[in-house]
Participant: 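Before we start, here is the structure in question, set down as structure tokens.
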Amino acid sequence: MMTNYEKIHVARRDLEKLRAELIAKIGTQKDRDPDLLILHERVSKAINALSA
């Protein structure tokens, strides 16, 4: 069974992967999708919250 710390570590790692994917999508778009920008901001905030 995973400890709470391990669960947070896994969640943070998954969020970092998601953020990298979002950055790649945002970088390839000529017209940036506002929903992707909002999602990127929220994922970044979640990562910061898990890091504190």
Participant: Could you tell me which non-hydrogen atom of V43 sits nearest to which non-hydrogen atom of L15, and how far apart they are?
Facilitator: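 In terms of heavy atoms, the two residues are closest at CG1-O, 3.5 Å.
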Participant: If I take atom CD1 from residue I47 and atom CG from residue D14, how far apart are they, to the nearest 0.5 angstrom?
Facilitator: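 Between I47 CD1 and D14 CG, I get 10.0 Å after rounding to 0.5 Å.
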Participant: Just jot down the side chain to side chain donor-acceptor pair (under 3.5 Å) partners of T28, sequence neighbours excluded, or say none.
Facilitator: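 Checked T28 against side chain to side chain donor-acceptor pair (under 3.5 Å); zero matches.
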Participant: Over all heavy atoms of both residues, which pair between M2 and V10 is shortest? Give the atoms and the distance, please.
Facilitator: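 Minimum heavy-atom contact is CE-CG2, 4.1 Å.
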Participant: Any non-hydrogen side-chain atom of L37 less than 4.5 Å from a side-chain atom of D33?
Facilitator: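 SC-SC contact between L37 and D33 ruled out.
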Participant: For residues 19-27, which side-chain donor-acceptor pairs fall under 3.5 Å, sequence neighbours excluded?
Facilitator:
none

Participant: Drop me the distance from E16's CD to S51's OG, to the nearest 0.5 angstrom.
Facilitator: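 Taking CD in E16 and OG in S51, the distance rounds to 7.0 Å.
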Participant: Is the number of heavy atoms from other residues, nucleotides or ligands within 6.0 Å of CZ (R13) greater than 12?
Facilitator: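 Counting other residues, nucleotides and ligands, CZ of R13 exceeds 12 neighbours.
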